[in-house]
Amino acid sequence: MPDLTNRPRRLRFSPIIRDLVAEARLDAAMLVQPHFVVPGNGVSEPISAMPGISHESVDRLIATVEKDLELGIRSVLIFGVPEDSSKAFDGRAAYTDDAIVPTAVAELKKRFGADLAVITDVCLCAYTDHGHCGLIKDGRIDNDLSLPHLANMALAHAAAGADVVAPSDMMDGRVGAIRELLDESALDHVAIMSYSVKYASAYYGPFREAAHSAPSEGDRRSYQMDARNRREALVEAELDVAEGADILMVKPALAYLDVVRDLHESFPLPLAVYNVSGEFSMVKAAAERGWIDEQAIVLENWHAFRRAGADILITYHGRQALAEGWL
Ligand code: PBG
Ligand code: ZN
């Protein structure tokens, strides 16, 4: 007989004991629901590869957020999807007075005030005619030329009332450029959630359809991180911390949990994971075919994020999870 003094199964017999000793827990307050905002009125267009997620004009967004708030979703991440005709080489439609995201933010803040945390994605790719996240000069994505445009975009969001701006472009130095411009503009209270560690990933496929932001030429490998690298994530995060980031993020989530754990152990800042469009669509597609149990899979993934060290979960499944009582 082996020595059976220690029997881990003792704590697994009853559901109440299992709940009592559970390490990773979930709570609606840690969920962030992304939204895709389009110009116009009365628009709500489902995104085919992302069941349950739609392009919405500001009026419809307000109605959706109101319902989500009742469910307990208190944080949103706003993406703008502007008209194709407004796209330009420098993405200037991202920060004009009537730009789509500042308009949405102002309306959300007018309607919900402090009941809602509004986070905005800051990136030029939905606004540039070439679909890259920065400006192009001499055939390259020019880092330093892009910084003032990204900072202007963040400023427009913050001035409209955003609580948090979230740069996702992966240019070097953008957190510092944004922090400096916000501080000069009496917006020092606005936080920065940096997409610090954003990998060049095939998991963004459905999003690019949703945001109309696929590059017309080339790919994003000259600015997003190489999936083969782990230690480089620490370099990225350390720079963001030094430049004034308030929250760090790893994206995508599932295939990068080693990196989530590394950041959790190396930096005391709150850490977000972005459970991206492709990860969502794969679960949806398999669930539609009856191949997996959607609720069980989503909770297993979310617990994995928590176990790895994530504090904030950005997920397209948030609304459904709360509406269907999964938590
Ligand atoms: C834009 C951006 C992307 C995502 C968030 N912001 C796509 C990309 O970098 O190509 C992906 C989100 C998702 O897939 O859910 N920079
Ligand atoms: Zn981008």
Side-chain angles (χ1 to χ4, degrees), residues 31-37 47-55 76-82 87 89-91 93-95 100-101 119-136 141-143 146-147 149-150 153-154 157 164-172 174-175 178 193-227 236 249-256 272-285 301 305 312-319:
L31 301 178
V32 178
Q33 179 79 40
H35 293 275
F36 298 97
V37 195
I47 297 164
S48 63
M50 300 174 70
I53 307 295
S54 299
H55 286 130
V76 294
L77 175 59
I78 305 295
F79 291 93
V81 186
K87 299 192 186 210
F89 75 99
D90 59 358
Y95 48 84
I100 179 76
V101 171
I119 310 170
T120 60
D121 184 86
V122 174
C123 195
L124 296 170
C125 53
Y127 302 86
T128 50
D129 51 13
H130 45 75
H132 277 289
C133 303
L135 274 62
I136 299 179
I141 315 302
D142 191 300
N143 194 88
S146 305
L147 295 181
H149 297 268
L150 292 161
M153 183 174 184
H157 296 178
V164 182
V165 293
S168 66
D169 53 284
M170 288 300 280
M171 297 300 128
D172 296 331
R174 87 272 207 219
V175 170
I178 290 170
M193 175 167 78
S194 179
Y195 289 68
S196 303
V197 184
K198 179 175 177 182
Y199 284 92
S201 169
Y203 284 104
Y204 307 148
F207 174 95
R208 290 186 188 165
E209 176 212 318
H212 304 159
S213 68
S216 55
E217 235 177 282
D219 54 38
R220 303 206 201 289
R221 290 177 193 278
S222 78
Y223 41 106
Q224 297 181 344
M225 263 185 58
D226 190 309
E236 283 284 1
M249 191 205 298
V250 173
K251 174 185 175 187
L254 281 172
Y256 299 90
V273 285
Y274 198 143
N275 188 207
V276 300
S277 57
E279 298 174 317
F280 172 76
S281 301
M282 291 194 308
V283 171
K284 279 285 172 195
N301 288 344
F305 303 152
I312 299 168
L313 313 185
I314 305 172
T315 164
Y316 299 101
H317 263 114
R319 174 182 309 127

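In what follows, residues are counted from 1 in the order of the sequence shown. One-based numbering, in listed order, for ligands and for the atoms of each. What's counted below: heavy atoms across the whole structure, side chains too, no hydrogens, waters or symmetry copies.
Atoms NZ and OG, from Lys87 and Ser216 in turn, are 10.0 Å apart once rounded to the nearest 0.5 Å. The line from OH of Tyr199 to CG of Asp226 is 8.5 Å long, rounded to the nearest 0.5 Å.
The protein heavy-atom contact nearest to atom 9 (O) of ligand 1 is Lys198 NZ, 2.7 Å. With hydrogens left out, the protein atom closest to atom 12 (C) of ligand 1 is Phe207 CD1, 3.2 Å, a heavy atom. Looking only at heavy atoms of the protein, atom 5 (C) of ligand 1 is closest to Lys251 NZ, 2.5 Å. Among all protein heavy atoms, the one lying closest to atom 14 (O) of ligand 1 is Ser277 OG, 2.7 Å. Scanning the protein for heavy atoms near atom 10 (O) of ligand 1, the closest one is Arg208 NE, 2.6 Å.
Residues passing the ring pair (Phe, Tyr, Trp, His ring centres under 6.0 Å) test with Tyr203, sequence neighbours excluded: none. With sequence neighbours excluded, no residue satisfies salt bridge (charged side-chain N to carboxylate O under 4.0 Å, His left out) with Asp129.
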Hey, mind stepping through Gln224 and Ser201 against side chain to side chain contact (heavy atoms under 4.5 Å, CB included) and telling me if it holds?
CA-CA 8 Å; Gln224 297 181 344; Ser201 169; 5.9 Å; no
Hey, mind stepping through His157 and Tyr95 against side chain to side chain donor-acceptor pair (under 3.5 Å) and telling me if it holds?
CA-CA 8 Å; His157 296 178; Tyr95 48 84; over 6 Å; no
Ser277 vs Phe280, side chain to side chain contact (heavy atoms under 4.5 Å, CB included): CA-CA, chis, key distance, verdict
CA-CA 5 Å; Ser277 57; Phe280 172 76; 5.5 Å; no
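With waters neither drawn nor counted, the protein N/O/S atoms under 2.8 Å from the Zn ion (ligand 2) amount to 3.
Considering backbone and side-chain atoms together, Ser168 places an N or O closer than 3.5 Å to an N or O of ligand 1.
For ligand 1, the atoms closer than 4.0 angstrom to any heavy atom of Phe79 are 5 (C), 6 (N). The Gln224 neighbourhood of ligand 1 comprises atoms 8 (C), 9 (O), with distances under 4.0 Å to a heavy atom of that residue. Of all atoms in ligand 1, listed by their number and element, those nearer than 4.0 Å to a heavy atom of Cys123 are 16 (N). Those atoms of ligand 1 with a heavy atom of Tyr274 less than 4.0 angstrom away are 12 (C), 15 (O).
If you look at Cys125 next to ligand 1, the close heavy atoms, those under 4.0 Å, all belong to the side chain. Heavy atoms of Asp121 found under 4.0 angstrom from ligand 1 belong exclusively to the side chain. In Tyr316, the part holding a heavy atom less than 4.0 Å from any atom of ligand 1 is the side chain.
Under the 30°/60° scheme for interplanar angles, the aromatic rings of Tyr274 and Phe79 are found to be tilted.
Asp169 and Tyr195 share no donor-acceptor pair across their side chains, judged by distance under 3.5 Å alone.
For residues 194-218, the set of pairs meeting the salt bridge (Lys or Arg N to Asp or Glu O under 4.0 Å) definition, not counting sequence neighbours, is empty.
Taking the ring centroids of His55 and His35, they lie at or beyond the 6.0 Å cut-off.
A donor-acceptor contact shorter than 3.5 Å links the side chain of Ser146 to the backbone of Leu135.
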